[in-house]
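Quick notes on the structure that follows.
Values reported hereafter were calculated over all heavy atoms of this structure, with side chains retained and with hydrogens, waters and symmetry mates removed. Remember, predicted model here, so these are calculated numbers, not experimental data.
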Amino acid sequence: MKLITAIIRPEKLNEVLSALYEVEVRGLTLTRCLGHGGEMEAVETYRGSTVKMGLVEKVKLEIGVSDAFLDAAIYACMHSARTGEVGDGKIFVTDLEKVVRIRTGEQDESAVTPLADLSVEVQGSAA
Ligand SMILES: Nc1ncnc2c1ncn2[C@@H]1O[C@H](COP(=O)(O)OP(=O)(O)OP(=O)(O)O)[C@@H](O)[C@H]1O
Ligand SMILES: [Mg+2]
């Protein structure tokens, strides 16, 4: 299993969520954050112009996936988040040692593999 951490532009969030839904990735965590992606900002000081590290608003998505979903999830994030301009974001992938679904105690692949038929589960839990 892997943990995908994708830092994206906030305005691309809906497109990224749709793309992940299309490849049947269902579980994720979203955090609004500030990031620095190498671009320097010019600032005026009394001795003249200098630069500082600019911080820009980004959205961080954390997605735990079984290995079977890794490539599809990365591809979905990459293509939906891209504008072609600097600052489009970055995707980090790290090994994920353990996952536990609290409700059932299911672990690892059974705890991250998307449900075969999500609509049945949604209807069932709404009843
Ligand atoms: N090495 C890094 N470590 C942690 N976070 C990073 C790193 N690089 C980028 N980020 C995060 O990703 C956001 C977007 O980065 P950005 O897209 O500018 O990356 P980049 O590698 O400079 O690519 P580009 O050349 O397209 O600008 C940053 O604001 C920051 O939140
Ligand atoms: Mg950058």
Between CG on residue L30 and CG on residue L13, distance to nearest 0.5 Å: 5.5 Å

ILVMFWY clustering at 4.5 Å (side-chain atoms), partners of M53: M40, V51

Heavy-atom side-chain contact between L17 and L28 under 4.5 Å: yes

Close side-chain approach of F69 to K2, heavy-atom, < 4.5 Å: no

Side chain to side chain contact (heavy atoms under 4.5 Å, CB included) against E22, all qualifying residues, sequence neighbours excluded: none

Donor-acceptor pair, side chain of S110 and main chain of E106, under 3.5 angstrom: no

Distance in Å, I91 CD1 paired with L61 CG, rounded so as to fall on 0.5 Å steps: 9.5 Å

Same apolar cluster (I L V M F W Y, side chains within < 4.5 Å links), I7/V56: no

Working for side-chain contact (heavy atoms from CB on, under 4.5 Å), residues V65 and M1: CA-CA 6 Å; V65 291; M1 297 168 296; over 6 Å; no

Spacing of OH belonging to Y21 relative to OG belonging to S80, to within rounding of 0.5 Å: 16.0 Å

Where G27 and I63 come nearest, the two heavy atoms and their spacing: O-CG2, 3.5 Å

Heavy-atom neighbours of I102 CD1 exceed 12 at 6.0 Å: no

All side chain to side chain contact (heavy atoms under 4.5 Å, CB included) counterparts of V100, not counting sequence neighbours: K98, Q107

For F92, all residues meeting ring-ring contact (aromatic ring centres under 6.0 Å, His included), sequence neighbours excluded: none

Distance-minimising heavy-atom pair for A73 and V25: CB-CG2, 4.0 Å

Partner residues of T29 under the side-chain hydrogen bond (donor to acceptor under 3.5 Å, both in side chains) criterion, sequence neighbours left out: none

Test side-chain contact (heavy atoms from CB on, under 4.5 Å) applied to L20 and C77, step by step: CA-CA 7 Å; L20 287 168; C77 286; 3.9 Å; yes

Residue pairs passing the salt bridge (Lys or Arg N to Asp or Glu O under 4.0 Å) test where at least one lies in residues 48-74, sequence neighbours excluded: E41-K52

Within one Ile-Leu-Val-Met-Phe-Trp-Tyr cluster: L55 and V59, side-chain cutoff 4.5 Å: no

Nearest heavy atoms of V16 and I8, plus distance in Å: CG2-CD1, 3.8 Å

Minimum side-chain heavy-atom gap L3-V93 below 4.5 Å: no

Least distance between heavy atoms, R26 atom then E24 atom: NH1-CA, 3.1 Å

Check: G89 main-chain N/O paired with R9 side-chain donor or acceptor under 3.5 Å: no

Distance, nearest 0.5 Å, that separates CD of E97 from CG of D108: 10.0 Å

